[in-house]
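Worksheet: the structure to be examined is printed underneath.
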Amino acid sequence: ARVSRAYFTLLRTRGGDAAPVQHAPGGGGDRRAKIENATDGRPVTLVVHSAGVIDDAASRTVDYRRLRSTIDPKVAGLRELAGACPQARFVSMSSWAGRFGNSGQSGDAAANAWLDAHAVAHASRHLSVAWPPWEGSAMVASIPEAIKKSLIEAGVTFVEPEEGLDLFESLLASDSS
């Protein structure tokens with residue numbers, strides 16, 4: 001949540017109107033109405049899709065419900081947002097887990113791989129950023145210290161929020177040109 005709030009702050013400092021909208025895919029309610037309410041009816045030109053659910057489990061224990069709980073916020077969420085904001089460009093916050101996997105996160109890895117593939121297929125209006133882990137995020141906070149230490153020893157870089165926001169701002173600037 002802290003990192004998502006930082007995205008909105010960054011977008012606002014760049015002169016944009018940024019409004020966070022939380023909505024569970026398929027969870028009832030009208031996403032379009034929530035977006036129109038949050039933006040006071042102004043057209044939406046950019047959507048930063050930063051959905052994610054933590055539900056780590058060994059692969060042998062992952063059932064359909066658990067898999068859907070991690071895939072739907074990213075995949076169904078993006079589909080619903082694209083339908084609600086047909087003129088907008090999209091930036092999806094993906095993860096290195098989509099490319100390299102991540103122990104206990106098969107659903108999240110699959111969802112991130114789908115976001116990355118969708119961005120390739122819809123490159124004119126969708127950018128997917130496969131981030132390494134962000135310090136200060138809920139996902140990194142859930143990593144046990146011993147595992148985090150072994151990831152660092154294996155060469156995994158954890159992005160500091162300020163550095164990540166600078167990179168995000170550079171991506172937005174280069175994508176808009």
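All values below were derived from every heavy atom in this structure, side-chain atoms included, with hydrogens, water molecules and symmetry-related copies excluded. Start at 1 with the first residue, then count along the sequence.
Proximity of a side-chain donor or acceptor of Arg125 to a complementary backbone N or O of Ala88 within less than 3.5 Å is detected.
The closest side-chain donor-acceptor pair between Ser128 and Asp116 falls under 3.5 angstrom.
The NE2 atom of His49 lies 5.0 Å from the CG atom of Leu78; values are rounded to the nearest 0.5 Å. With rounding to the nearest 0.5 Å, the separation of OG in Ser137 from CZ in Phe158 is 9.0 Å. One distance of note links OG of Ser106 with CD1 of Ile71; it measures 7.5 Å at 0.5 Å rounding. The CZ atom of Arg89 lies 8.5 Å from the CG atom of Leu127; values are rounded to the nearest 0.5 Å. Atom CG of Leu151 sits about 11.0 Å away from atom OG1 of Thr157, to the nearest 0.5 Å.
Side-chain contact check for Thr70 versus Arg66: every heavy-atom pair is 4.5 Å or farther apart. Residues Val129 and Leu171 form a side-chain contact, since some pair of their non-hydrogen atoms from C-beta on lies under 4.5 Å apart. In this structure the side chain of Leu115 never reaches within 4.5 angstrom of the side chain of Met93, judged on heavy atoms.
Closest approach of Lys74 to Ala51, counting heavy atoms only: CE-O, 3.2 Å.
Using bins of under 30°, 30° to 60° and over 60° for the plane-to-plane angle, the ring pair Phe168/Trp131 lands in the tilted bin.
For residues 143-155, the set of pairs meeting the side chain to side chain donor-acceptor pair (under 3.5 Å) definition, not counting sequence neighbours, comprises Glu135-Lys148.
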